[in-house]
Enquirer: 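Below is one structure. I have some questions about it.
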2 protein chains.
Amino acid sequence: MKGFRHIILYGLILAVLVFALKWIQWKFLIVDNAIDIYIGLIAVFFTILGIWVATQFVKPATQTIIVEKEVIITQPEETTINEAELKKLDLSSREYEVLQLLAKGYSNADIAGNLFLSVSTIKTHVSNLFLKMDVKSRTQAIEKSKRLKIIK
Amino acid sequence: MKGFRHIILYGLILAVLVFALKWIQWKFLIVDNAIDIYIGLIAVFFTILGIWVATQFVKPATQTIIVEKEVIITQPEETTINEAELKKLDLSSREYEVLQLLAKGYSNADIAGNLFLSVSTIKTHVSNLFLKMDVKSRTQAIEKSKRLKIIK
DNA sequence: ATCAATTTGGTACTAAAGTATGACCGGAAT
DNA sequence: ATTCCGGTCATACTTTAGTACCAAATTGAT
């Protein structure tokens, strides 16, 4: 709708211009040899008109400037488990379960009760765990687990 | 410098136009009453010229897009020791020393060797440590220490 | 179906951890 | 000076952890 109103507006402007030009043309024709001045005025006027039209309708090329804003993310608990290190150890699922309870300070009896297994089984798992982790005690296992970030 | 070259360019263009207009003017003067068509051409031409000039000089609108870039800051040692909790436990300096080595996976013998003390002394410290920390094993002591953030 | 790995559990043993108790020393506070 | 506490060390004991070796059931993949 806005474009339509513009068209009407420009139409009216042009109509006015036609009469204006006719008047200027007639006036300058009285003065002979003034045609050059007349042409110059026309040229200047329409150049300005063109500039104005352009500034009104030609959308300026948009130059997009992307600014990276660094947002610091502070992880509350950087317990991103180091899957790579965990895989290296090649622990079985049960062994990993035992390790997690181990690190919570559970005794072998506690772990056995928690997993509904016998203490013997836990001892077996713990021993195998130590071999795979290359440690000699549960405290070393805990320390290494924390250091490698393989437990929460 | 670019603006200067533009000025020269437009100067040349205008010079060419002057001759072109003179030629067109002469040609149309032969045909009488063709002055209106001539004026029309002039108007159209300079309007287009004005548009072109405008588009050349209108500065592109800059659109600044701020992109949030998440930067994960991994604190190397987020081990801000919880002094409050540590003070609550009321550990002696030796006991705290023992606790720190304990948490590193050291055995009583290791700790004794590290502090140039007998294993008996370490056992005493460890026992007192457990009483003060209200735990029943070194693994529990480690877990609690990590949880309360009282060790590095 | 077979084979390897896992999971489970046992016995027997050793090593380490943990408890209880007592003793000695030295420094700091009362 | 005496008391109190931290630190040291010891002995004797119990408990737990850890090792070694074995064996059976289960599971998963070829």
Side-chain angles (χ1 to χ4, degrees), chain A residues 81-148 150-151, chain B residues 81-148 150-151:
Chain A
I81 288 173
N82 192 333
E83 301 287 351
E85 289 292 341
L86 184 55
K87 200 169 183 179
K88 274 188 197 169
L89 293 179
D90 192 33
L91 304 181
S92 71
S93 57
R94 267 309 203 199
E95 286 164 354
Y96 187 52
E97 268 186 295
V98 170
L99 175 60
Q100 291 176 75
L101 297 178
L102 201 75
K104 288 170 73 175
Y106 286 26
S107 69
N108 288 339
D110 292 336
I111 300 171
N114 199 291
L115 298 179
F116 302 103
L117 297 176
S118 75
V119 177
S120 296
T121 303
I122 304 304
K123 283 188 177 184
T124 304
H125 287 318
V126 171
S127 278
N128 295 331
L129 207 45
F130 291 174
L131 288 175
K132 289 184 179 178
M133 294 184 71
D134 191 32
V135 295
K136 294 199 187 311
S137 70
R138 59 211 295 113
T139 53
Q140 281 180 25
I142 294 172
E143 193 279 329
K144 190 161 190 174
S145 296
K146 297 267 182 184
R147 184 157 42 80
L148 298 183
I150 60 175
I151 52 171
Chain B
I81 289 173
N82 193 332
E83 301 286 351
E85 290 291 342
L86 184 55
K87 200 170 185 179
K88 274 187 197 169
L89 294 178
D90 191 34
L91 304 181
S92 71
S93 58
R94 266 311 203 201
E95 285 163 355
Y96 187 52
E97 269 185 294
V98 171
L99 175 60
Q100 291 177 75
L101 297 177
L102 200 73
K104 288 170 71 176
Y106 285 27
S107 68
N108 288 339
D110 292 336
I111 300 171
N114 200 290
L115 298 178
F116 302 104
L117 297 176
S118 75
V119 176
S120 298
T121 304
I122 304 305
K123 283 188 176 184
T124 304
H125 286 318
V126 171
S127 280
N128 295 332
L129 206 46
F130 291 174
L131 287 175
K132 290 184 179 178
M133 294 184 70
D134 191 32
V135 295
K136 295 199 187 308
S137 70
R138 59 210 296 112
T139 53
Q140 281 180 26
I142 294 172
E143 194 279 331
K144 190 161 189 173
S145 297
K146 297 266 183 184
R147 184 157 41 82
L148 298 183
I150 60 175
I151 52 171

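Reminder, nothing fancy here: chain letters follow the sequence lines and each chain counts from 1.
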Enquirer: Per the end-axis method with five pairs at each terminus, what is the bend angle of the helix from C:dA1-D:dT30 to C:dT30-D:dA1, to 10°?
Expert: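 Here the local axes at opposite ends form an angle of 50°.
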Enquirer: Please enumerate all residues that pass side-chain contact (heavy atoms from CB on, under 4.5 Å) together with B:Lys132, with sequence neighbours excluded.
Expert: B:Leu91, B:Glu95
Enquirer: Mind running a 4.0 Å heavy-atom check of residues 126-143 of chain B against DNA chain D and sending the residues that fall below it, in number order?
Expert: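 Result for residues 126-143 of chain B: none.
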Enquirer: Throw together a table of side-chain donor-acceptor distances under 3.5 angstrom for residues 96-106 of chain B, partners on residues two or more places apart or in other chains.
Expert:
unit_1   : atom_1 : unit_2   : atom_2 : d
B:Tyr96  : OH     : B:Ile150 : O      : 2.7
B:Glu97  : OE1    : B:Arg94  : NH1    : 2.8
B:Gln100 : NE2    : B:Tyr96  : O      : 3.4

Enquirer: Side chain to side chain donor-acceptor pair (under 3.5 Å) with B:Lys88: which residues, sequence neighbours excluded?
Expert: B:Glu85
Enquirer: Please work out which residues in residues 95-104 of chain B have a non-hydrogen atom less than 4.0 Å from an atom of DNA chain C and list them by number.
Expert: none
Enquirer: If every non-hydrogen atom of B:Met133 is compared with every non-hydrogen atom of B:Ala141, which pair is closest and at what distance?
Expert: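 Reported closest heavy-atom pair: CE-O, 3.6 Å.
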Enquirer: Distance from A:Ile151 atom CD1 to A:Leu86 atom CG, nearest 0.5 Å?
Expert: 10.5 Å
Enquirer: Would you mind listing every salt bridge (charged side-chain N to carboxylate O under 4.0 Å, His left out) that reaches into residues 134-145 of chain A, with sequence neighbours excluded?
Expert: A:Glu143-A:Arg147
Enquirer: For residues 111-125 of chain A, pull every pair meeting side-chain hydrogen bond (donor to acceptor under 3.5 Å, both in side chains), keeping only residues two or more places apart or in separate chains.
Expert: A:Ser118-A:Thr121
Enquirer: For nucleotides 9-14 of chain C, print each protein N/O atom paired with a nucleotide N/O atom at under 3.5 Å, atom names and distance only.
Expert:
unit_1 : atom_1 : unit_2   : atom_2 : d
C:dG9  : OP2    : A:Ser118 : N      : 3.0
C:dG9  : OP2    : A:Thr121 : OG1    : 3.1
C:dG9  : O5'    : A:Thr121 : OG1    : 3.4
C:dG10 : OP2    : A:Ser118 : OG     : 3.3

Enquirer: Do B:Gln140 and A:Ser107 have side chains that get closer than 4.5 Å, going by heavy atoms?
Expert: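 They are not in contact (no side-chain heavy atoms under 4.5 Å apart), so the answer is no.
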Enquirer: Can you list, in residue-number order, the parts of residues 106-115 of chain A that come under 4.0 Å of DNA chain C, counting heavy atoms only?
Expert: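 DNA chain C contact set from residues 106-115 of chain A: none.
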Enquirer: Could you walk me through whether B:Leu148 and B:Asn82 pass the side chain to side chain contact (heavy atoms under 4.5 Å, CB included) test, one step at a time?
Expert: CA-CA 7 Å; B:Leu148 298 183; B:Asn82 193 332; 5.7 Å; no
Enquirer: Reading DNA chain D 5' to 3', which nucleotide is the first, and which the last, to come under 4.0 Å of any heavy atom in chain A?
Expert: D:dA17 to D:dT19
Enquirer: Give, ordered by number, those residues of residues 82-94 of chain A having at least one heavy-atom distance below 4.0 Å to an atom of DNA chain C; if nothing qualifies, reply none.
Expert: A:Ser92, A:Ser93, A:Arg94
